[in-house]
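This report concerns only the one structure given below.
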Amino acid sequence: MDIGERARPAAEQAVPDDIDSDRIRSARRDLDTFGLRAMMRALDPVLRDGAKHTADEIATRLEFAPRHHWLLRAWLRELSTHGCLDYDPDRGYRTRRAVPSPARSDLFEVCADLGYSREFATFLRSADEHLTELAQDRVRVQELLFPDGDMFTAEAAYRDNVISRYLNLAAREVVAEIVARLESDRSPVRILELGAGVGGTTSDVAAGLAGLSVDYHFTDLSTFFLAAARERFAEHPWMRYGIVDMNADLDQQPRYDVVLAANVLHNAHHVGKTLRQLYDLLNPGGAVVFIEACRAHCQLLTSMHFLMSPRPGQAHPGLSDVRAGTDRIFLEESEWLDQLTAAGLTPMLMLPDADHPLYLLDQRIFAAVRDAAA
């Protein structure tokens, strides 16, 4: 069964005719450079003396909120990897050289070459400008991403850019294909969307379900998103809404035929356990379809990743799974495929392909099925 037969051509509708792999590759380097420069500016009040300082000392002097210490460690690793810091395991970090200048001096130009909107570029610039305050929890990244409760900036991050359009169109076709295949022996086909948020993926997937018999459960952790979704998707009587925490509630859910998760599974406390719970949640022949980033970009480490810091008293994702000991939030492609297989699911699709220009943006859609006889 090739459940990607319709997904590939559908996703290509999002790809500009003049897409240029070299331009994307260069812009990706520049985007990382902007992130590295923001990190170095934030750390400069401690590192400017030329002495070596441990991560704990830097955190204390810069008044990092404890829940963001993992991000500080990630910054220090990235700056060391890029040759900007020297690291001594016993004595800590000191400045080695300045972060080089990007080829493009304008972050808006960088984002445009990557297919990101001006709204998203504005958010990234604002996060860099408030980076120390974000690290100290004096400013919350949600204030920048949802200014005055407006979802426009978040829409730009999760939907209104070329890679999101590509992945969301692929998700639309994959889910529609699976539903069309299953509805002959079960009706309605039951769909659970986890962490649906602003509904960036939901919009495309719902559009692909016209004329199909479905029961669609739109879920999130926040009533803010549920209220907005009720209004936005009011035309779909087959869509219902509820709070579901994938780290606490999966074993209390009824069976589903499709589980959809866009940019959410990396928040699992233990990815392997969560995927095994999704396997148990699926009816035989069902599928899990999800979108994930597979690499942490430096610019996102100074912006979107603040969303991933646990609230006080909560566990950090990945402490005891394949990410243990790394402070990583994202899994690599091969790790996702291995974890799916270990959970009993059969991977059937991963896009974009390695030779595609959008592969350079490090976001993927995965689809895996539970065997019909299982």
Side-chain angles (χ1 to χ4, degrees), residues 28-102 107 110-111 120-121 123-142 144-145 157 266-267 293-312 316-319 323-332 362:
R28 270 284 291 105
R29 286 195 297 269
D30 280 350
L31 191 66
D32 271 345
T33 300
F34 272 92
L36 290 167
R37 289 165 72 88
M39 294 172 193
M40 193 65 100
R41 284 195 300 272
L43 301 178
D44 182 66
V46 176
L47 297 180
R48 67 176 55 158
D49 64 5
K52 291 184 177 179
H53 302 276
T54 65
D56 286 344
E57 181 185 351
I58 295 169
T60 298
R61 289 183 55 180
L62 291 178
E63 300 179 357
F64 257 70
R67 71 193 191 100
H68 297 316
H69 282 198
W70 73 277
L71 274 174
L72 172 60
R73 293 191 296 268
W75 296 358
L76 293 170
R77 278 196 301 273
E78 289 292 341
L79 287 164
S80 299
T81 298
H82 285 82
C84 301
L85 297 181
D86 283 325
Y87 173 59
D88 181 321
D90 296 320
R91 299 171 58 199
Y93 300 85
R94 72 176 174 192
T95 301
R96 180 181 180 188
R97 64 177 177 86
V99 179
S101 297
L107 183 57
V110 175
C111 287
F120 188 54
F123 161 71
L124 295 178
R125 185 177 65 181
S126 181
D128 285 350
E129 291 172 348
H130 293 87
L131 191 52
T132 298
E133 297 157 285
L134 288 168
Q136 296 169 341
D137 265 350
R138 291 193 291 119
V139 171
R140 296 174 66 245
V141 73
Q142 289 89 339
L144 308 180
L145 192 58
H266 58 257
N267 288 315
C294 293
R295 180 177 176 271
H297 302 170
C298 294
Q299 182 65 75
L300 297 187
L301 285 169
T302 63
S303 55
M304 297 292 284
H305 275 52
F306 281 97
L307 291 170
M308 301 169 196
S309 291
R311 295 185 182 91
H316 192 277
L319 287 180
R323 299 165 289 179
T326 68
D327 286 321
R328 283 190 298 130
I329 290 289
F330 297 146
L331 280 70
E332 298 174 0
D362 297 310

Quiz prompt | Within-4.5 Å side-chain heavy-atom neighbours: T302 and L36 | solution = no
Quiz prompt | Shortest non-hydrogen contact from P100 toward R37 | solution = O-NH1, 3.4 Å
Practice problem: Only pairs at least two apart or in different chains count here, so list each salt bridge (charged side-chain N to carboxylate O under 4.0 Å, His left out) that has a residue in residues 303-312. | Solution: none
Quiz item: Please walk me through it: do L131 and R41 pass side chain to side chain contact (heavy atoms under 4.5 Å, CB included)?
Solution: CA-CA 9 Å; L131 191 52; R41 284 195 300 272; over 6 Å; no
Quiz item: Quick one: does E78's side chain get under 4.5 Å of C84's, heavy atoms only?
Solution: no
Exercise. Could you pull out the closest heavy-atom pair between P45 and R61, with the gap in Å?
Key: O-NH2, 3.9 Å
Practice problem: Please name the pair of heavy atoms, one in E133 and one in E129, separated by the smallest distance, quoted to 0.1 Å. | Solution: OE1-O, 4.2 Å
Exercise. Only counting residues at least two apart or in another chain, list the ones meeting ring pair (Phe, Tyr, Trp, His ring centres under 6.0 Å) with F64.
Key: W75
Quiz item: How about D362 and H297: do any of their side-chain heavy atoms sit closer than 4.5 Å?
Solution: yes
Quiz item: Which atoms form the tightest heavy-atom contact between W70 and D327, and what is the distance?
Solution: CE3-O, 3.4 Å
Quiz prompt | Which residues share a side chain to side chain contact (heavy atoms under 4.5 Å, CB included) with A127, sequence neighbours left out | solution = L134, L144, S303
Quiz item: Can any side-chain N or O of H305 pair as donor or acceptor with the backbone N or O of L300 at less than 3.5 Å?
Solution: yes
Self-check item: Side chain to side chain, Q299 and D128, heavy atoms closer than 4.5 Å
Solution: yes
Quiz item: Under the side chain to side chain contact (heavy atoms under 4.5 Å, CB included) criterion, do V110 and T33 qualify, and how do the steps go?
Solution: CA-CA 11 Å; V110 175; T33 300; over 6 Å; no
Practice problem: Apply side chain to side chain contact (heavy atoms under 4.5 Å, CB included) to the pair H266 and L331, showing each step before the final yes or no. | Solution: CA-CA 7 Å; H266 58 257; L331 280 70; 5.5 Å; no
Quiz item: Under the side chain to side chain donor-acceptor pair (under 3.5 Å) test, which residues partner R323, sequence neighbours left out?
Solution: D321
Exercise. Mind checking side chain to side chain donor-acceptor pair (under 3.5 Å) for R94 and listing every partner two or more places apart, or none if nothing turns up?
Key: none
Self-check item: Atom pair CD1/CE of I329 and M304 - distance to nearest 0.5 Å
Solution: 13.0 Å
Quiz item: Can you find a pair of side-chain heavy atoms, one from L79 and one from T95, that are under 4.5 Å apart?
Solution: no
Quiz item: With sequence neighbours left out, which residue pairs that include part of residues 295-307 fulfil the salt bridge (charged side-chain N to carboxylate O under 4.0 Å, His left out) condition?
Solution: D32-R295
Exercise. For F306, enumerate each residue passing the ring pair (Phe, Tyr, Trp, His ring centres under 6.0 Å) test, keeping only those at least two apart in sequence or located in another chain.
Key: H68
Quiz item: Sequence neighbours excluded, which residues qualify as side chain to side chain donor-acceptor pair (under 3.5 Å) partners of Q136?
Solution: R138
Quiz prompt | ring pair (Phe, Tyr, Trp, His ring centres under 6.0 Å) partners of H130, counting only residues at least two apart | solution = none
Quiz item: What heavy-atom pair brings C294 and F330 nearest, and what distance separates the two atoms?
Solution: C-CB, 4.2 Å
Self-check item: Minimal non-hydrogen separation, F34 against L107, with atom names
Solution: CZ-N, 3.6 Å
Show every donor-acceptor pair shorter than 3.5 Å between a side-chain atom in residues 48-55 and any protein atom, with sequence neighbours excluded, or say none if there are none.
unit_1 : atom_1 : unit_2 : atom_2 : d
R48    : NE     : D44    : O      : 3.4
R48    : NE     : D44    : OD2    : 3.0
R48    : NH2    : D44    : OD2    : 2.9
D49    : OD1    : A51    : N      : 2.9
D49    : OD1    : H53    : NE2    : 3.0
D49    : OD2    : H53    : NE2    : 3.1
H53    : ND1    : E57    : OE1    : 3.4
H53    : ND1    : E57    : OE2    : 2.8
H53    : NE2    : V46    : O      : 3.3
T54    : OG1    : E57    : N      : 3.1

Exercise. First locate atom CG of N267, then atom CG of L307, and finally report the distance between them rounded to the nearest 0.5 Å.
Key: 9.0 Å
Exercise. Evaluate the side-chain proximity of M39 to C298: yes if any heavy-atom separation is below 4.5 Å, no if none is.
Key: yes
Quiz prompt | Any T132 side-chain heavy atom under 4.5 Å of E63 side chain | solution = no
Quiz item: Could you give all pairs that pass the salt bridge (charged side-chain N to carboxylate O under 4.0 Å, His left out) test and reach residues 297-308, with sequence neighbours left out?
Solution: none
Quiz item: If you measure from CZ on R73 to CD1 on I58, what distance do you get to the nearest 0.5 Å?
Solution: 12.0 Å
Quiz prompt | Non-neighbouring partners of R96 that pass side chain to side chain donor-acceptor pair (under 3.5 Å), sequence neighbours left out | solution = none
Self-check item: Rounded distance [0.5 Å steps], CG in L76 versus CG in L71
Solution: 11.0 Å
